[in-house]
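Shown next, in C-alpha cells, is the structure this report addresses.
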Amino acid sequence: GPPTKAGMDEQALPALAAAGMDKRATPATAVASMDARAAPAQATGPGDCAREHWVSLGVDRRELSLEFTLPTGQSFRWRKTGSGEYTGVIGARVVRMRQEEDDVSYTILARGPSACSGGSAAAADAAAVRDYFN
C-alpha cells in the first residue's frame with residue numbers, strides 16, 4: 001500500500017507488531033528497537049515462516065553494492081545497522097541485508113501475516129527481495 005505518514009508501508013505494520021513494536025514507530029525507531037533486543041525478533045506464522053537464517057542472493061558486489069544502493073535518495077526505509085549491514089522494510093517484511101566480499105545475503109527479522117500466507121515463506125521472501133532490487 002502507499003506509505004503512511006511515518007514513511008512505512010501499511011503491509012509492514014503487522015510485521016512490526018509481530019516483532020513487538022509500536023505501529024507508530026518510524027522505520028528508524030523500529031529498527032533501533034529491534035537492535036536493542038538481546039535476540040532477533042521472531043517472525044510469526046506456520047512452518048518455515050518462523051525460522052530466521054541468512055540466504056545468499058548470489059549477486060556479485062559489482063552487480064549490487066549495498067553501500068551505494070541503500071543509503072541513496074532512491075531507496076527508503078533502510079538504516080545501516082552494522083559493518084556492511086542494513087535493515088529495512090520490503091513489503092510486509094523487516095529485512096536485514098549483509099554485503100559480503102563476493103555476495104549479498106539477507107535474513108528476515110519479522111513478517112506480517114500477508115507474507116506468511118500460503119506456499120513457502122522462503123520462496124516468497126526470495127521473490128520479494130529479488131523484486132525489490134530489480
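Just so it is clear, the values below take in all heavy atoms, side chains as well, and ignore hydrogens, waters and symmetry mates. Just so it is clear, the structure is predicted and the values come from calculations on it, not from any experiment.
- For the residue pair R96/T87, the side-chain donor-acceptor check at 3.5 Å is satisfied.
- Using a 4.5 Å heavy-atom cutoff, the side chains of E100 and S105 are in contact.
- With hydrogens and angles disregarded, a donor-acceptor distance shorter than 3.5 Å links the side chain of T107 to the backbone of H53.
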key: Verdict with supporting geometry, Y86 and Q99, side-chain contact (heavy atoms from CB on, under 4.5 Å)   = CA-CA 9 Å; Y86 295 84; Q99 184 78 57; over 6 Å; no

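- The shortest side-chain heavy-atom distance between F133 and M97 falls under the 4.5 Å cut-off.
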ask   = Yes or no on side-chain contact (heavy atoms from CB on, under 4.5 Å) for R111 and D125, after CA distance, side-chain angles and deciding distance?
value = CA-CA 9 Å; R111 293 176 185 85; D125 293 342; 2.4 Å; yes

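- The minimum heavy-atom distance between G58 and S56, with the atom names listed, is N-OG, 3.0 Å.
- Side-chain contact between V104 and E63 is absent, with no heavy atoms from C-beta onward closer than 4.5 Å.
- The CG atom of D60 sits 7.0 Å away from atom CG of D102, with the distance rounded to the nearest 0.5 Å.
- We find the CD-OG distance between E67 and S83 to be 9.5 Å, quoted to the nearest 0.5 Å.
- The backbone N or O of R61 sits nowhere less than 3.5 Å from a side-chain atom of S65 that would complete a donor-acceptor pair.
- The two residues L66 and G84 come nearest to each other via the heavy atoms CD1-O, 4.1 Å.
- Side-chain atoms of R130 come within 3.5 Å of backbone N or O of L57 as a donor-acceptor pair.
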